[in-house]
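Each chain gets a letter, A, B and so on, in the order its sequence line appears, and its residues count up from 1. Hydrogens, waters and symmetry mates are skipped; everything else that's a heavy atom, side chains included, is used.
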Number of protein chains: 2
Amino acid sequence: MRNAAEAGAGGAGVQSVDRALSILEVLARTGEAGVTEISGELGVHKSTAFRLMATLESHRLVEQTGDRGRYRLGVGILRLAGATTARLDLVQEARPISRQLAADTGETVNIAVLSDGSALYLDQVAGSSALQSHNWVGQHIPLHATSNGKVLLSGLDDDDLEAALGALPTYTSRTITTLSQLRDELDRVRDQGYAVAVDELEVGLTAVAAPVRNAHGDVVASMSVSGPSFRLGDDRVDEVVAQTVEAAAEVSHRLGWGHR
Amino acid sequence: MRNAAEAGAGGAGVQSVDRALSILEVLARTGEAGVTEISGELGVHKSTAFRLMATLESHRLVEQTGDRGRYRLGVGILRLAGATTARLDLVQEARPISRQLAADTGETVNIAVLSDGSALYLDQVAGSSALQSHNWVGQHIPLHATSNGKVLLSGLDDDDLEAALGALPTYTSRTITTLSQLRDELDRVRDQGYAVAVDELEVGLTAVAAPVRNAHGDVVASMSVSGPSFRLGDDRVDEVVAQTVEAAAEVSHRLGWGHR
DNA sequence: CGCAAGTGTTGCGCTTGACGAAACAGAGTT
DNA sequence: AACTCTGTTTCGTCAAGCGCAACACTTGCG
């Protein structure tokens, strides 16, 4: 029974709520914006944008920055986020292991799940080398060009695989762009139990990922370590792969995998 | 220029947006709820509640649980939260220091600010001993019964203090329940430059906190270390106090405190 | 197994909430 | 000082959002 989202997606949702939430998404993307900028993004009158912002502000989902009339996301989001993250069992179970892996490798550790034809990043822990790293949490990332994506796809059978994939856009000269190449790669991932992506999503980015399994052995998430290619070179990848596979196995055990 | 929130708070905001955001707050509080429950909470017709939920679902701010027609907060909140936390200057500046303090003490480190008569927890880093720690981020926590709360109150003058406090509920036999006791305690906090709370919010919970100051020397946040009382006994509290005071001073320096 | 109760979902007509236009206030620039 | 641009407020209009009624589905009980 999924008609609620379908109705909303089809434009039959509540227009002013849709607009207000679009403001939140604009602010998430731009950092901060003024009323006129928001009205331009939404295609509404600035008095409309102003009233919508006022309502969001009264719920503390946006707040004004020091500058006159400029807005950014507010701390009210944190209360909602706290409620959300605390309930994601997977993230909760994985957090201490993610932290250990980040400490061991010094790089950025992520947990991602398959969602709507992409990898949705649920958690991120940065290692000591990874100051100011890009925040992936909440983002939908292409499957075919990332180690997390390959791991998540490797848990699918052929029918589900084709359903999960749309086009295979090219991001760098090393991006996999044909289905047959991707199938071969996924066979390798299944064989070796992990995935590696070097310069496939963006040049200079290396990531390794391993599957997180549930009690039945299904791939329910992927755990990755990523960093710049100059730090994660060939000489270190083997070691990081081993650490990642072990950490993901540990998370899997906590979810009931391998228990008999 | 704060008229936006005032307008919203006065009920002149956008009613349907106000309702939709109230749904998010209900779900944050209850965990999950059905359409009829939400319509009861909001005092609207269930078809109204259903349409509002549909719009929230289309933006992935709510999602259906496995049960028929029951909803909870969705992962779309995480994207907004990621954007929020990364941009809170204080959290950003404090994060590496929080991490170090968590590593040094092995316990849970929090950053909190004063907000609406309570301590609002903005950030949390768990140390190696702190498995399965409670997630405080986004929550409003009582001031009089926590070390963070005492630190935040210690930065107020008498008028602001009374304005900030409501009743002083009893949580344990050690909770401070009279204003004069609290004033004495806040004098001690000002004198010694830190606060300690043992078994005051809940039995078995010990926390120490130190003030984070801005360039003017005002207390703008509080940084705390907390853990179970069996690990944070009298023998360790002095050491952890010293580490916390030093870490909070480091954050204060980053915010411009003490620079001449 | 059939029925009742309760919940979720949909369509429709009405009304009122949300909208854009116009105007004003303030800040920055020339 | 004048102009430009932004944020903010007020007001009349109308279409979006509302409640109502009905239907579909699930669950529990006799």
| Between D/dT6 atom P and A/E41 atom CD, what is the distance in whole Å? | 14 Å
| said: In whole Å, I'd like the distance from the NZ atom of A/K46 to the C1' atom of C/dG26. | reply: 12 Å
| request: Can you tell me the distance, in whole Å, between the CE atom of A/M53 and the C1' atom of C/dA18? | output: 17 Å
| query | Should the pair B/E41-B/R29 be classified as a salt bridge under the 4.0 Å nitrogen-to-oxygen rule? | reply | yes
| Euclidean distance, atom CZ of residue B/R70 to atom C1' of C/dT9 [Å, nearest integer] | 17 Å
| message | Any side-chain N or O of B/S47 below 4.0 angstrom from OP1/OP2 of D/dC20? | response | no
| query | Within the pair A/Y71 and D/dT8, is there a side-chain N or O less than 4.0 Å away from OP1 or OP2? | reply | yes
| query | Is there a donor-acceptor pair closer than 3.5 Å between any side-chain N or O of A/R213 and the backbone N or O of A/D218? | reply | no
| Are a donor atom and an acceptor atom from the side chains of A/S147 and A/S224 found within less than 3.5 Å of each other? | no
| message | Taking side-chain contact (heavy atoms from CB on, under 4.5 Å) as the criterion, tell me which of A/L152, A/L205, A/I141, A/V151 meets it with A/T146. | response | A/I141
| query | Can you tell me if B/R60 uses its side chain to pair, donor with acceptor, with the backbone of B/G74 under 3.5 Å? | reply | no
| Heavy-atom protein contacts under 4.0 Å, nucleotides 11-18 of chain D, coded B base, S sugar-phosphate only, - none | -----SSB
| remark: CG of A/L80 to CG of B/L61, rounded to nearest 0.5 Å, is 8.5 Å
| message | Please report the distance, rounded to the nearest Å, between CZ in A/F50 and C1' in C/dA23. | response | 15 Å
